[in-house]
Asks: 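Take this structure, written in structure tokens, and hold onto it; I'll ask about it next.
As the structure is a computational prediction, the values presented were derived from the model and not from experiment.
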Amino acid sequence: MKKRSGSYPRVRVEGGGVGVVSQAGAVLLVETVRKSGLDTAISAALTSWRRPRAVHDPGKILLDIALATALGGDCLADVGILRAEPDVFGPVASDPTVSRLIDALAASGPKALAAIRGARSQVRTRVWEMAGANSPAADDSVIVDIDGVLVLAHSEKQDATATWKKTFGHHPLVAFVDHGSAGSGEPVAALLRPGNAGSNTAADHITTAQLALAQLPKHLRRGRRTLIRTDSAGGTHAFLDWLSKPGRWLSYSVGMTITDTIHQAVLKIPKKAWTPAYDADGTERPGAWVAEITDMPDLTTWPKGMRLIVRKERAHPGAQLRFTDVDGLRLTCFATNTKSGQLADLELRHRRRARCEDRIRNARDTGLRNLPLHDTAQTRIWLEIVPLALDILAWLPMLPLPGKTRRWEPKKLRLRLFSAAAQLVHTGRRRWLRFTARWPWTDEITRAIDQLKALPSPG
């Protein structure tokens, strides 16, 4: 009987292998870019930044950085993982060329930002049309969530300051289109702000909302079909006035701070006016109730048609109660201008804003955990690259991935699909990637590629 030397088999390791492609599953991202037309749109948008006799196209360079970020990279140098596989990703610029492009775009300021955002908006409309029933606007309505995110800085980056959480870094505002429970989310705005920027700054919320609306198809940039959701940071007179401005008429569901006026109004609500709240699956939630208090506080200075809805529920174990809570029950409040629907449905719709926290967590895993560039102008370009990577990661599940796989987050996509290696075979003047049959998700990869190739090509 042989004596065991360990739990795993021993293998000899050496370099010099050929014919194998690492990160071969990333061909799904490449095909998504091709079918969406993102490559041609970005290249056309950045034509002005292409130098005479330049070898590399600026649009391709920017997309290569976005693809590397989608694969888990967190700095410009990570395009090296694409440079190592030219048969899949094509020619990739050197690190100095990449840095020079970022410097040139940063020096152009708003012009470069507008070019990138315009290309993304153009492609987004096409992708949503191709997605059909999987589009977030399939029912001709859309929900946009706005929230702040703290990004820590571990060095003296420009505009990095102390934050309200006593950390050090930046405090961007981001906006995501909600794909609902069947999908993920899609980034539509990222506004860079210093770390000491206020959470409830109305001007920043308005700017972020404007950037987000510009990313939507034209018929959804105004009107009740577009719902803006925020937490209590958005519950300001100026922001709600802007959302409700005649001619804009956006729908909103915005958290409100429990002021003394609201607290006193809650105390006057008769017991029979409270109705059971709903759980995440739409069933009644024990120990939670909702009621409307629109007629109780004075709302004459607020936008016409605004409704106030409050929720009370038993505090979760270990939760810290506040002075504004009543009889051991946690109180929350939000404002909306939606006229129809049961109170419990409206409250559940507002509470689903918590999905935005998942989108932010995914963004942290896709280049937002650390802002790697020093200057503010460069960081603004990086904050366009991160949404570009997240766009591709959102469009891939939306177009070819069915069922449960459409809900896979970036980390799971990287582990199960993108990290798969394949054998590169040249035959019949064609190149083939052959994934091993032993990989548990080879069928998902090949099926998704087939569905992507079946989509109409742009132009």
Side-chain angles (χ1 to χ4, degrees), residues 1-34 63-95 98 184 361-370 372 389-390 392-393 396-397 400-453:
M1 182 177 178
K2 285 188 176 182
K3 183 179 179 181
R4 295 185 60 183
S5 59
S7 300
Y8 298 96
R10 291 186 178 182
V11 294
R12 298 184 181 275
V13 179
E14 63 180 4
V18 295
V20 177
V21 176
S22 303
Q23 300 283 338
V27 70
L28 290 168
L29 297 174
V30 174
E31 195 63 25
T32 300
V33 167
R34 183 182 293 113
L63 271 178
D64 285 342
I65 304 172
L67 286 174
T69 306
L71 291 173
D74 60 5
C75 65
L76 299 181
D78 285 334
V79 295
I81 62 175
L82 276 62
R83 193 182 299 119
E85 304 295 350
D87 290 304
V88 176
F89 301 107
V92 176
S94 65
D95 289 348
V98 171
S184 59
R361 175 169 47 80
N362 292 334
R364 289 184 183 278
D365 292 333
T366 314
L368 195 59
R369 187 173 303 280
N370 170 53
L390 290 169
I392 303 170
L393 288 170
L396 168 61
L401 297 182
K404 293 187 301 182
T405 53
R406 192 186 165 202
R407 296 195 297 272
W408 287 358
E409 296 182 346
K411 288 179 69 173
K412 186 170 288 188
L413 288 171
R414 292 174 193 133
L415 176 66
R416 296 186 174 184
L417 302 186
F418 305 154
S419 66
Q423 181 184 14
L424 182 64
V425 179
H426 295 265
T427 177
R429 297 184 180 179
R430 293 184 178 182
R431 289 171 294 184
W432 292 83
L433 281 177
R434 290 180 177 170
F435 291 87
T436 174
R438 294 196 302 267
W439 188 252
W441 299 281
T442 290
D443 288 344
E444 278 79 2
I445 296 172
T446 55
R447 190 182 304 117
I449 283 291
D450 291 341
Q451 293 187 23
L452 280 171
K453 289 184 178 298

Asks: Out of curiosity, Asn370 CG to Arg364 CZ, how far, rounded to the nearest 0.5 Å?
Replies: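 It comes to 11.0 Å.
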Asks: Kindly indicate, with the supporting measurements, whether the criterion side chain to side chain contact (heavy atoms under 4.5 Å, CB included) is fulfilled by Ser419 and Trp439.
Replies: CA-CA 10 Å; Ser419 66; Trp439 188 252; 3.9 Å; yes
Asks: Assess whether side chain to side chain contact (heavy atoms under 4.5 Å, CB included) is satisfied between Leu29 and Leu393, documenting all intermediate values.
Replies: CA-CA 7 Å; Leu29 297 174; Leu393 288 170; 4.1 Å; yes
Asks: According to salt bridge (charged side-chain N to carboxylate O under 4.0 Å, His left out), does anything in residues 432-450 pair up with another residue at least two apart or in another chain? List the pairs.
Replies: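 For residues 432-450, and leaving out neighbouring residues, there are no salt bridge (charged side-chain N to carboxylate O under 4.0 Å, His left out) pairs at all.
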Asks: Keeping to residues at least two apart or across chains, list the salt bridge (charged side-chain N to carboxylate O under 4.0 Å, His left out) pairs with something in residues 403-430.
Replies: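 As it turns out, the salt bridge (charged side-chain N to carboxylate O under 4.0 Å, His left out) pairs with a partner in residues 403-430, which skip direct neighbours, are Arg361-Glu409.
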Asks: Can you pull out every side chain to side chain donor-acceptor pair (under 3.5 Å) where at least one residue sits in residues 23-33? Sequence neighbours excluded, please.
Replies: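 Every pair satisfying side chain to side chain donor-acceptor pair (under 3.5 Å) with a residue in residues 23-33: Glu31-Arg34.
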Asks: Quick one: pull up CD1 in Ile445 and CZ in Phe435 and give me the separation to the nearest 0.5 Å.
Replies: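 Reported to 0.5 Å precision, the distance equals 4.5 Å.
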Asks: Does any part of the side chain of Trp408, heavy atoms only, come nearer than 4.5 Å to the side chain of Leu396, both counted from C-beta?
Replies: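 Leu396 does not reach Trp408 side chain to side chain.
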Asks: Got a list of side-chain donor-acceptor pairs under 3.5 Å for residues 63-89, not counting sequence neighbours?
Replies:
from  : atom 1 : to     : atom 2 : distance (Å)
Asp64 : OD1    : Lys60  : NZ     : 3.1
Asp64 : OD2    : Lys60  : NZ     : 2.9
Thr69 : OG1    : Ile65  : O      : 2.8
Asp78 : OD2    : Asp74  : N      : 2.8
Asp78 : OD2    : Cys75  : N      : 3.4
Arg83 : NE     : Ala93  : O      : 3.2
Arg83 : NH2    : Ala93  : O      : 2.7
Arg83 : NH2    : Asp95  : OD1    : 3.0
Glu85 : OE2    : Ser22  : N      : 3.2
Asp87 : OD1    : Arg431 : NH1    : 3.4

Asks: State, with a plain yes or no, whether a side-chain heavy atom of Leu424 is found less than 4.5 Å away from one of Val20.
Replies: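 A side-chain contact is absent here, since even the closest heavy-atom pair is not under 4.5 Å.
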Asks: Give the intermediate values and the outcome of side chain to side chain contact (heavy atoms under 4.5 Å, CB included) for residues Leu413 and Leu401.
Replies: CA-CA 11 Å; Leu413 288 171; Leu401 297 182; 4.1 Å; yes
Asks: So, for Ile392 and Val33, which heavy atoms are closest and what is the spacing to 0.1 Å?
Replies: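 Here Ile392 and Val33 meet closest at CD1-CG2, 3.7 Å.
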Asks: What residues, two or more places apart in sequence or in another chain, satisfy side chain to side chain donor-acceptor pair (under 3.5 Å) together with Ser94?
Replies: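 Ser94: side chain to side chain donor-acceptor pair (under 3.5 Å) contacts with Thr97.
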Asks: Can you sort out the partners of Arg369 under salt bridge (Lys or Arg N to Asp or Glu O under 4.0 Å), two or more places apart, ordered by chain and number?
Replies: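 Checked Arg369 against salt bridge (Lys or Arg N to Asp or Glu O under 4.0 Å); matches are Asp365.
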Asks: How close do Ala421 and Ala24 get, heavy atom to heavy atom, and via which atoms?
Replies: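 What the structure gives for the nearest pair is C-CB, 4.0 Å.
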